[in-house]
Amino acid sequence: MKFSKSLIETLREDPKEAESKSHRILLRGGFVKQLASGVHIYLPLGWRILMRIEKIIREELNRIGAQEMLMPAMCPREVWEKSGRWFEYGDDMFKFKDRKGRDYCLCPTHEEIITGIARKSIRSYRDLPQIWYQIQTKYRDELRPRFGVIRSRQFIMKDSYSLDRDEDGLSENFELHKQVYIKIFRRCGLDFEIVDAAGGLMGTGQSNEFVARVDGGEDTIVACADCDYRANLEAAQGIGKTFDFEDCPITEVHTPGKRSVDEVSDFLKVGPENFVKNMFYTAPDKEPILILLRGDYDINEGVIQSRFGFSYKPADVETITEYFGAEPGFIGPVAKGDIAIYADDLLEGAKGMITGANKNDYHIKGLNLERDVKVREYLNVRVVKQGDACPKCRHELELHNALELGHIFKLGTRYSKPLGATYLNEKGEEKPIIMGSYGIGLERIMACVCEQKGDEHGAVWPISIAPSEVYIIVLNPLDKGVAGVAQEVIQVLTNNGFSVIIDDRDFSAGIKFNDSELLGIPLRLTIGPKGIKNDSFDIYLRGTKEIVRVDKGSILMKLQELKDILYRRLNGR
RNA sequence: CGGGGCGUAGCGCAGCGGUUUAGCGCGCAUGGUUCGGGACCAUGAGGUCGUGGGUUCAAAUCCCACCGCCCCGACCA
């Protein structure tokens with residue numbers, strides 16, 4: 001591939017919209033271009049990377065007998081209504097009408113469609129197990145796309161689905177996918193780890209996330225400083241400290257205009273751990289619930305939604321005022337036994353607490369949960385914070401920024417039951433198919449490599465996914481002698497299976513060297529008058545910045561050797 | 001949706017207390033000199049100043065509305 005004839009556009013300056021490292025590298029190297037917020041064009045070089053990632057994924061999945069197929073990106077509403085996700089997904093789903101006025105969506109994922117196929121095609125236990133997958137574009141109308149391709153509204157995902165007759169089969173397929181994912185990410189040259197995760201909208205069974213610790217991530221993971229406990233923030237369980245405040249009768253305190261825990265805590269000179277926060281959630285057609293949480297913690301809405309339902313949202317000001325006779329900031333649980341009250345388990349047995357008085361501009365002191373509040377149930381609804389103790393070993397937990405690369409879920413019967421995907425077992429009984437779903441974001445692999453391997457000069461692609469293996473700089477390409485040698489060497493390399501980018505542009509050397517760094521091709525060969533004269537050619541390794549000198553006759557052998565070494569480095573980790 | 005920032009040539013930016021040819025650097029085109037880490041000279045092409053409305057003799061510049069993009073937050077398989 002000749003640079004001079006290709007759609008490769010490197011940018012000399014950082015595009016102003018790019019803040020994160022991966023975004024900057026991908027834009028500057030001309031790998032991607034932004035069309036709209038969260039919508040990207042994959043230019044030839046970026047697309048080559050994605051195609052190579054696809055190939056690795058295919059190879060590994062085919063190896064475990066997964067069958068590739070392609071499902072449509074658009075889907076009628078009814079399919080999504082049966083699972084309840086037409087509403088659960090809400091505005092995150094792109095929805096539109098066809099000319100007849102029928103509702104459609106652009107699929108954010110494909111559990112419903114897969115389950116529909118299973119329903120029609122799987123009859124007997126003899127048809128199971130199955131693994132089906134596709135590599136296809138997904139659409140999600142994210143509230144805030146960011147970090148370039150990392151959180152975008154249209155992205156390419158490999159999604160696979162396992163169908164089994166029982167939990168054991170599911171566990172096997174789940175484990176199989178875990179192993180396959182490890183291989184895939186290793187082959188792509190990534191450093192990653194596996195953490196416990198919350199299923200969220202997908203379902204509530206076991207789920208694991210594959211994450212990479214990078215600054216430009218949108219995920220937070222919790223890791224124990226001492227043992228192997230790893231979880232993402234939504235799933236993490238931490239052990240919080242408990243405090244023993246003095247038990248005393250309830251008294252009112254005047255707290256004019258002080259609503260938030262911070263404000264009241266400042267005003268009364270009492271730490272936030274002495275407060276009980278009141279979070280009121282409502283859902284259409286369901287009873288409202290009041291969640292009590294200690295003042296020094298945040299609520300984990302994922303728990304609310306998975307425990308009580310996705311339709312639960314924080315109540316608005318009017319609703320709160322109506323139920324409590326006070327404005328948000330002053331509401332409290334006392335004498336509110338008619339409302340369903342749930343409390344975070346850190347509050348069990350808490351006394352001497354401060355909370356709202358259900359009277360504007362007043363709080364109460366001396367709240368004793370056991371004595372004063374009808375708590376229906378204590379549960380862990382708080383988000384872990386730095387310094388909480390590890391649930392496994394009690395050492396300190398740390399929070400890290402991370403990027404989610406893949407996610408594997410045990411769905412169980414979450415979709416097969418509502419959509420009626422069943423099979424007949426040996427006894428002729430009708431049973432729901434036990435399902436799993438497994439996703440990988442392709443662009444995220446590409447972006448993550450930039451985050452982890454890229455440097456101040458640009459991208460550093462692992463040889464396995466690089467848009468090309470060798471970058472050939474031809475210096476003084478209009479010189480007949482140079483052009484001749486270049487032609488000869490290129491011929492030899494391409495005949496021997498190398499993919500090369502030939503920088504044949506009639507530019508000064510610096511531009512070409514700098515572009516070669518920016519594009520991050522793992523091996524670089526320089527062909528110029530000097531090298532030809534001395535029969536000494538430079539081969540440069542982008543990753544390690546080593547330079548190897550060889551004579552013309554050894555170029556092919558040396559490059560083959562270096563290529564092997566680079567592949568071995570990738571696999572031998 | 002809340003807070004902040006930005007929209008002027010392909011890219012990065014200046015001009016913005018009103019004045020008629022809207023600039024600079026890079027890139028692009030042509031010719032020439034160069035040629036192992038972002039060369040030089042000359043000539044040239046390229047602009048609905050985000051959109052709409054208003055104020056004014058006169059608007060990139062002042063006012064209003066809208067749109068788009070980025071960042072922080074809320075949210076997020």
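Below, read A as the first sequence line, B as the second, and so on, with proteins coming before strands; counting in each chain starts at 1. No experiment lies behind these values; they were computed from the predicted model shown.
- Within the shown strands, B:G25 is the pairing partner of B:C11 under the Watson-Crick or G-U definition, both distances less than 3.5 Å.
- Heavy atoms of A:Gly528 sit under 4.0 angstrom from at least one base atom.
- Between A:Arg524 and A:Asp538, no side-chain nitrogen of the basic residue sits less than 4.0 Å from a carboxylate oxygen of the acidic one, so the salt-bridge criterion is not met.
- One atom, CD1 of A:Ile473, and another, P of B:C35, lie 18 Å apart when rounded to the nearest Å.
- A gap of 10 Å separates the P atoms of B:A9 and B:G47, to the nearest Å.
- With a cut-off of 3.5 Å on both pairing distances, B:A60 has no Watson-Crick or G-U wobble partner at all.
- Here the P atom of nucleotide B:C28 and the CG atom of A:Asp506 are 11 Å apart, to the nearest Å.
- Rounded to a whole Å, the CD atom of A:Glu88 is 15 Å from the C1' atom of B:C76.
- Nucleotide B:U30 has B:A42 as its partner under the Watson-Crick or G-U criteria, with both atom distances under 3.5 Å.
- The residues A:Asp159 and A:Lys138 are annotated as salt-bridged, a charged nitrogen and a carboxylate oxygen being separated by less than 4.0 angstrom.
- Judged by distance alone with a 3.5 Å cut-off, a donor-acceptor contact links the side chain of A:Asp538 to the base of B:G36.
- The interatomic distance linking A:Asp141 (CG) with B:C1 (P) rounds to 12 Å, in whole Å.
- The distance between the ring centers of A:Tyr133 and A:Tyr438 does not fall below 6.0 angstrom.
- Summarising the base pairing, B:U51 is matched to B:A65 through a Watson-Crick or G-U wobble pair whose two defining distances lie under 3.5 Å.
- Here B:G17 sits opposite no nucleotide as a Watson-Crick or G-U wobble pair (both hydrogen-bonding atom distances under 3.5 Å).
- Using P as the reference atom, B:G27 and B:C63 are 37 Å apart when rounded to the nearest Å.
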Atom pairs under 3.5 Å, N or O on each side, protein against nucleotides 65-70 of chain B: can you list them with distances?
| residue | atom | partner | partner atom | Å |
| --- | --- | --- | --- | --- |
| B:C69 | OP1 | A:Ser37 | N | 2.8 |
| B:C69 | O3' | A:Gln34 | NE2 | 3.1 |
| B:C70 | OP1 | A:Gln34 | NE2 | 2.9 |
| B:C70 | OP2 | A:Ser37 | OG | 3.0 |

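- The existence of a salt bridge linking A:Arg151 and A:Glu218 is confirmed by a sub-4.0 Å separation between a basic side-chain nitrogen and an acidic carboxylate oxygen.
- When heavy atoms are screened at a 4.0 angstrom cut-off, A:Glu234 is found touching no nucleic acid atom at all.
- Taking atom C1' in both B:A45 and B:G54, the straight-line distance is 36 Å, to the nearest Å.
- The pair A:Lys158-A:Glu54 does not count as a salt bridge, with every side-chain nitrogen at least 4.0 angstrom from each carboxylate oxygen.
- Between the C1' atoms of B:G15 and B:A59, the separation comes to 14 Å (whole Å).
- Pair check for B:C35 finds none; no Watson-Crick or G-U wobble contact set falls under 3.5 Å.
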Check nucleotides 38-45 of chain B against the protein and report each pair of N or O atoms closer than 3.5 Å, with its distance, or say if there are none.
| residue | atom | partner | partner atom | Å |
| --- | --- | --- | --- | --- |
| B:G38 | O2' | A:Arg12 | NH1 | 3.4 |
| B:G38 | O6 | A:Arg28 | NH2 | 3.3 |
| B:A39 | OP1 | A:Ser508 | OG | 3.3 |
| B:A39 | OP2 | A:Ser508 | OG | 2.9 |

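- Checked for salt-bridge contact, A:Arg549 and A:Asp535 miss the test: no charged N lies under 4.0 Å from a carboxylate O.
- Each of A:Ser20 and A:Pro108 was matched to the nucleotide of RNA chain B holding its nearest heavy atom; the match closer to the 5' end belongs to A:Ser20.
- Ring geometry for A:Phe210 against A:Phe192 counts as tilted: the plane angle lies between 30° and 60°, on a 0 to 90° scale.
- The same atom, C1', is picked in B:C11 and in B:G52; the two are 28 Å apart, to the nearest Å.
- At a threshold of 4.0 angstrom between heavy atoms, the contacts of A:Gly441 with the nucleic acid are absent.
- When rounded to the nearest whole Å, the span between NZ of A:Lys138 and C1' of B:C76 equals 17 Å.
- Between A:Tyr181 and A:Phe185, the angle of the ring planes goes over 60°, which puts this pair in the perpendicular group of the 30/60° scheme.
- Distance, A:Glu517 CD to B:G37 P: 13 Å, rounded to whole Å.
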A:Arg28 and A:Asp14: salt bridge (Lys or Arg N to Asp or Glu O under 4.0 Å), yes or no, with the steps?
-> CA-CA 6 Å; A:Arg28 275 201 61 186; A:Asp14 282 338; 3.5 Å; yes
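- In this structure, A:Arg24 places its CZ atom 15 Å from C1' of B:C71, rounding to the nearest Å.
- Taking atom CZ of A:Arg505 as the reference point, atom C1' of B:G27 lies 12 Å away to the nearest angstrom.
- Nearer to the 5' terminus of RNA chain B, by closest-nucleotide assignment, is the contact made by A:Ser516 (compared with the other of A:Gly406 and A:Ser516).
- A:Glu9 has a carboxylate O that lies under 4.0 Å from a charged side-chain N of A:Lys33, or vice versa, which qualifies the two as a salt bridge.
- Comparing B:G12 with B:U19, their P atoms sit 27 Å apart, to the nearest whole Å.
- Of the C1' atoms belonging to B:C16 and B:C71, the separation is 24 Å, rounded to the nearest Å.
- The aromatic rings of A:Tyr104 and A:Phe96 lie parallel to each other, with less than 30° between the two planes, well short of the 60° mark.
- With a cut-off of 3.5 Å on both pairing distances, B:A74 has no Watson-Crick or G-U wobble partner at all.
- Ion pairing between a basic and an acidic side chain is recognised when a charged N comes within 4.0 Å of a carboxylate O; A:Lys552 and A:Glu488 show such pairing.
- Using a 4.0 Å heavy-atom cutoff across all strands shown, A:Arg524 reaches at least one base atom of the nucleic acid.
- Comparing the C1' positions of B:C41 and B:C72 gives a spacing of 49 Å, expressed to the nearest Å.
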